[in-house]
Amino acid sequence: MATIDITKLRKEFGDDGEQIVAVDDFNLTIRDGEFLVFVGPSGCGKTTTLRCIAGLEDVTSGTIEFDGRDVTDQRARERDVAMVFQNYALYPHMTVRKNIAFPLRLSTKQSSAEIDEQVEDVADLLGIGTLLEQKPRELSGGQQQRVALGRAIIRDPEVFLMDEPLSNLDAKLRSKMRTELQELQSELDVTTAYVTHDQTEAMAMGDRIAVLNGGELQQVGTASEVYRSPTNEFVASFIGSPSINLFTAEVSGTTLSGPGGFEYTLEDGSLVTGRESVRMGIRPEDMRLEAGGAVPSTVTVVEQMGNENFLYAEMGDIDITARIESVMNPEEGTDVEFGFDESDLYLFDVNTSEALKTKTGETDVAYEKYIGETT
Ligand code: ATP
């Protein structure tokens, strides 16, 4: 186990002619035993950051420390990290037993019997104890992924680094493996950095989530923190599915006016004092159908999800989405109005896109208190 400190990390690719800054001014501490997920759109620098931690990329500048030990110039094999990639890269001609044992045979002088015992322990932990004599091609995708994990676990590393390890699996297996991986990580208590472009996966798995964009770290926090209190418009729009509704509103006193006749008077006008306009955000789950509500719109499509419906509509030239009850199925072209609570409203600076207001209200309500309030 290790605490990982990344300080002022920068990674450029290419020569002087055409330089790509893949990671810039990146500062982050991954805590001992933590499951930290890097998430962000394609090309934002997730894999590069992970490869720098692994020692597979030379950094342009900055430092990486494991437990206060500077490893920046150490090569991958000197760092005691184990990586699991999207592409499992199992050896096709070797049995599961030999695939899992491979790192030990390379790096230790243990006897075959000792190695066998460890392979069997790891295989049992992963529920593949009966598959040890099979070859990879005889296994399902999920089983192959477990073998790849086994090969990482058997090294008993200080750090696990995982790059989209579940993306080759179908949706159901992926969700099962998510839970399994989380349980396994918490059981082994090994510091883990995990890359995904899927915000749902990030939210579900990470102790904390690091949101990246354009090579820069935007925010680090728990799922609840990045969802409720995004530092800027990018994080607000990247986290949450369907995405938050965002539009620009003009400020007049304490009243905000937006496209298509949107009008809302803030209870707390101090939030917009001295501003001519502001970016507004309302999450689809915070919109409720309400006669006279501030969001007038015209229905374009309703998608039925079974347990709820996603309503897509137009408010002037802005597309908006609302999550509504499954019994509500208004036809295309229907004019509807939505209301929301000010405590759920997000406001962002029009120029810097930094958050001016995020969700307010209590979080982590104790069960007893919750039950007391709802009964
Ligand atoms: P994805 O989710 O698509 O894998 P990512 O967030 O992991 O994306 P990176 O692979 O880290 O992004 O890439 C960050 C940027 O660095 C991109 O612009 C990419 O084109 C560039 N890049 C990555 N590796 C190299 C390389 N070896 N040579 C040149 N440019 C590279």
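First listed ligand is number 1; within each ligand, the first listed atom is number 1. In this chain, numbering begins with 1 at the start of the sequence shown.
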J.: Can you pull out the closest protein heavy atom to atom 2 (O) of ligand 1? Residue, atom name and distance to 0.1 Å, please.
T.: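 Atom 2 (O) of ligand 1 sits closest to the protein heavy atom K46 NZ, 2.9 Å.
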J.: Quick check on contacts: which atoms of ligand 1 are under 4.0 angstrom from a heavy atom of A22?
T.: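 Under 4.0 Å from A22, ligand 1 has these atoms: 14 (C), 15 (C), 16 (O).
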J.: Before accepting this row, confirm whether a basic side-chain N of the pair D286/K359 lies closer than 4.0 Å to the acidic partner's carboxylate O.
T.: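 Here D286 pairs with K359 in a salt bridge, since their nearest N and O are under 4.0 Å apart.
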J.: Between E164 and ligand 1, does any nitrogen or oxygen pair lie at a separation below 3.5 Å?
T.: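 No; the residue has no nitrogen or oxygen that sits under 3.5 Å from a nitrogen or oxygen of the ligand.
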J.: Looking only at side chains, do S326 and N309 share a donor and an acceptor under 3.5 Å apart?
T.: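 Per modelled atom types, S326 and N309 side chains form no pair under 3.5 Å.
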J.: Can you find a side-chain donor-acceptor pair between T3 and D32 that sits under 3.5 Å?
T.: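 Judged by distance alone, the side chains do not pair up.
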J.: Can you classify the ring geometry of F102 versus Y91 as parallel (below 30°), tilted (30 to 60°) or perpendicular (above 60°)?
T.: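 Tilted.
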J.: Any donor-acceptor pair under 3.5 Å linking the side chain of Q199 with the backbone of I239?
T.: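 Pair absent, no side-chain N/O of Q199 close to backbone of I239.
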J.: Who's the nearest protein heavy-atom neighbour of atom 17 (C) of ligand 1, and how far?
T.: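 Result for atom 17 (C) of ligand 1: G43 O, 3.8 Å.
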J.: Show the numbers, then the answer: is there a salt bridge (charged side-chain N to carboxylate O under 4.0 Å, His left out) between K46 and D163?
T.: CA-CA 9 Å; K46 307 179 291 288; D163 194 348; over 6 Å; no
J.: If you have a sec, work out which protein heavy atom is nearest atom 4 (O) of ligand 1 and how many Å separate them, to one decimal?
T.: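 Of the protein heavy atoms, T47 OG1, 3.9 Å lies nearest.
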J.: Which residue owns the protein heavy atom closest to atom 27 (N) of ligand 1, what's the atom, and how far is it?
T.: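 Nearest protein contact, heavy atoms only, for atom 27 (N) of ligand 1 is F13 CE2, 3.5 Å.
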J.: Considering the options V190, V84, L126, which one meets the side chain to side chain contact (heavy atoms under 4.5 Å, CB included) requirement together with I153?
T.: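 That would be L126; it is the only one of V190, V84, L126 passing the side chain to side chain contact (heavy atoms under 4.5 Å, CB included) with I153.
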J.: Check for me whether C44 has a heavy atom closer than 4.0 Å to any atom of ligand 1.
T.: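 Yes; C44 lies near enough to ligand 1 that a heavy-atom distance drops under 4.0 Å.
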J.: Please state which protein non-hydrogen atom is closest to atom 18 (O) of ligand 1 and give its distance, to 0.1 Å?
T.: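 Sorting protein heavy atoms by distance from atom 18 (O) of ligand 1 puts I20 CG2, 3.9 Å first.
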J.: Check whether any protein heavy atom sits under 4.0 Å from atom 20 (O) of ligand 1.
T.: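 No, because not a single protein heavy atom sits under 4.0 Å from atom 20 (O) of ligand 1.
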J.: Of the choices G214, C52, G45, which has the non-hydrogen atom that lies closest to atom 12 (O) of ligand 1?
T.: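 The option holding the nearest heavy atom is G45.
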J.: Nearest protein heavy atom to atom 9 (P) of ligand 1, by residue and atom, and its distance?
T.: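 The protein heavy atom lying closest is T48 OG1, 3.5 Å.
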J.: For ligand 1 and S42, I'd like to know whether there is a polar contact (N/O to N/O, distance under 3.5 Å).
T.: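 By distance alone, the answer is yes.
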J.: Salt bridge or not for D80 and R69, using N-O below 4.0 Å?
T.: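 Not counted as a salt bridge, because no side-chain N and carboxylate O are separated by less than 4.0 Å.
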